[in-house]
Structures are given as C-alpha cells and as structure tokens.
Visitor: 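Below is the structure I would like to discuss, written out as structure tokens.
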Amino acid sequence: MTSSMLAVQIEGLRSEMIKVAERQGSLVDPQVVEISQRLDQLILLMQQNKRFTANRLHKRPN
C-alpha cells in the first residue's frame, strides 16, 4: 500500500474516531478504542513504509 493511500485511510479513520467519540461522549468508549487501535496500526504501517523508503534511498550505489 502506498503512503498516499495510507494517508487517506488514516485521515478517514481519524475523522470517524472523532465523530464516534463526540457521539458517544467518551474517549474510552469501546468503539472509540477499537477505531483508535486500527488507527495506530495504520500509523505504524506508514512509519514502517517511510523508514523502509528512507533506508532504500540511502543504500543506493553511486
């Protein structure tokens, strides 16, 4: 999955989490926590992709 695709998914999930938290009136509501955990996974994947890309660029032969 590309970084731009991940960014779109992250932003969509972040918006969903905010809406659910506002609707439920709680940041510890199980649905909010579940969305937050999914968001954490996507953010971690984005960080890993960026790290992989950076490492690959630095290891290119001249």
Visitor: Using a strict cut-off of less than 4.0 Å between a Lys/Arg side-chain nitrogen and an Asp/Glu carboxylate oxygen, indicate whether Arg14 and Glu11 qualify as a salt bridge.
Guide: yes

Visitor: Report yes or no: do Val20 and Ile18 belong to one cluster of Ile/Leu/Val/Met/Phe/Trp/Tyr joined by side chain heavy-atom distances under 4.5 Å?
Guide: no

Visitor: Let me check something: do Ile35 and Val33 share a hydrophobic cluster, defined by ILVMFWY side-chain heavy atoms less than 4.5 Å apart, either directly or through other members?
Guide: no

Visitor: Going from OG1 on Thr2 to CE on Met46, what distance comes out if it is rounded to the nearest 0.5 angstrom?
Guide: 8.5 Å

Visitor: Could you state the interatomic distance from CD (Gln9) to CE (Met5), rounded to the nearest 0.5 Å?
Guide: 6.5 Å

Visitor: Between CD of Glu34 and CG of Leu39, what distance do you get to the nearest 0.5 Å?
Guide: 11.0 Å

Visitor: If you measure from CE on Met17 to CD on Gln31, what distance do you get to the nearest 0.5 Å?
Guide: 12.0 Å

Visitor: Would you name the heavy atoms of Leu27 and Val32 that are closest together and state the gap between them?
Guide: O-CG1, 3.6 Å

Visitor: How long is the straight-line distance from CD of Gln37 back to CG of Leu42, given to the nearest 0.5 Å?
Guide: 12.5 Å

Visitor: Taking C-beta and beyond as the side chain, do Leu44 and Gln48 meet within less than 4.5 Å on heavy atoms?
Guide: yes

Visitor: Is there a side-chain contact between Leu13 and Glu16 (heavy atoms, below 4.5 Å)?
Guide: yes

